[in-house]
Amino acid sequence: MDTSNPAVFVNVELLRMYVGRRVRAVIQVVRSDGGVVVGKSTDEQQLVVKGSPPVSLSNFVEVIGIADSNQSIRAEIWNNFGDTFDTSTYNQVCQLANGEYKHLFI
């Protein structure tokens, strides 16, 4: 596993702390329009993802890329996570990865 350029687990609430840095987030796709995908983050807030998504997107997608702003990511990697996903648990992981247990996450 390459640990030279880690991506921080984020939701929209945490994204503002990492503008300009590499992040990862899971969204529920709301709409896809060319190079822009609008989704709902695991904390129920809107997140805009820019880049070249795969032709076929599942309902839930993980994106890894650079945080452009408080509500957008410029995606480098897209991973389809299927049509069902436990957003509540992922949101808790985001909180742990940015809180007391930050040292356990790359």
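Looking only at side-chain heavy atoms (C-beta outward), Gln71 and Val48 stay at 4.5 Å or farther from each other. Using a 4.5 Å heavy-atom threshold, the side chains of Val37 and Arg31 count as separate. The closest side-chain heavy-atom distance from Ile66 to Arg21 is not below 4.5 Å.
Atom NE2 of His103 and atom CD of Glu100 lie 8.0 Å apart (nearest 0.5 Å). Once rounded to the nearest 0.5 Å, the distance linking NZ of Lys102 with CZ of Phe9 reads 13.5 Å. Taken to the nearest 0.5 Å, the OG atom of Ser72 stands 7.0 Å off from the CG atom of Leu15. Distance check, rounded to the nearest 0.5 Å: OG of Ser69 to CZ of Arg74 gives 11.0 Å. Rounding to the nearest 0.5 angstrom, the gap separating the CD atom in Gln28 from the OG atom in Ser58 is 10.0 Å.
The nearest pair of heavy atoms linking Arg22 to Asn5 is NH1-O, 2.8 Å. Among all heavy-atom pairs drawn from Phe105 and Tyr101, the shortest one is CD1-O, 3.3 Å. Summarising the geometry of Pro53 relative to Gly35, their closest heavy-atom pair is CD-CA, 4.4 Å, with the distance given to 0.1 Å. Considering all non-hydrogen atoms of both residues, Ala25 and Ile73 come closest at CB-CD1, 4.0 Å. Nearest heavy atoms, Glu13 versus Arg16: O-NE, 3.5 Å. Residue Phe60 comes nearest to Asp83 through the heavy atom pair CE1-O, 3.6 Å, listed as atom of the first residue, atom of the second, then distance.
When atom types are taken as modelled, the side chain of Thr87 and the backbone of Thr42 share no donor-acceptor pair closer than 3.5 angstrom. Asp33 places no side-chain N or O within 3.5 Å of a backbone atom of Val36 that could act as its donor or acceptor partner.
Ile64 and Val49 fall into different hydrophobic clusters, where Ile, Leu, Val, Met, Phe, Trp and Tyr residues are linked whenever their side-chain heavy atoms come under 4.5 Å apart, directly or through other members. Hydrophobic clustering, with ILVMFWY side chains joined whenever heavy atoms are under 4.5 angstrom apart, keeps Phe85 apart from Ile77. Tracing side-chain contacts under 4.5 Å through hydrophobic residues (I, L, V, M, F, W, Y), one reaches Trp78 starting from Leu47; they form part of the same cluster.
A donor-acceptor pair shorter than 3.5 Å cannot be found between the side chains of Asp43 and Tyr90.
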Could you go through the side chain to side chain contact (heavy atoms under 4.5 Å, CB included) check for Val61 and Asn79 one step at a time?
CA-CA 6 Å; Val61 177; Asn79 296 311; 5.9 Å; no

Would you please test Arg24 and Val8 for side chain to side chain contact (heavy atoms under 4.5 Å, CB included) and show each step?
CA-CA 6 Å; Arg24 68 176 48 209; Val8 182; over 6 Å; no

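A side-chain contact (heavy atoms from CB on, under 4.5 Å) with Gln45 is found for exactly one of Val12, Asn11, Ile27, Asn70, namely Val12.
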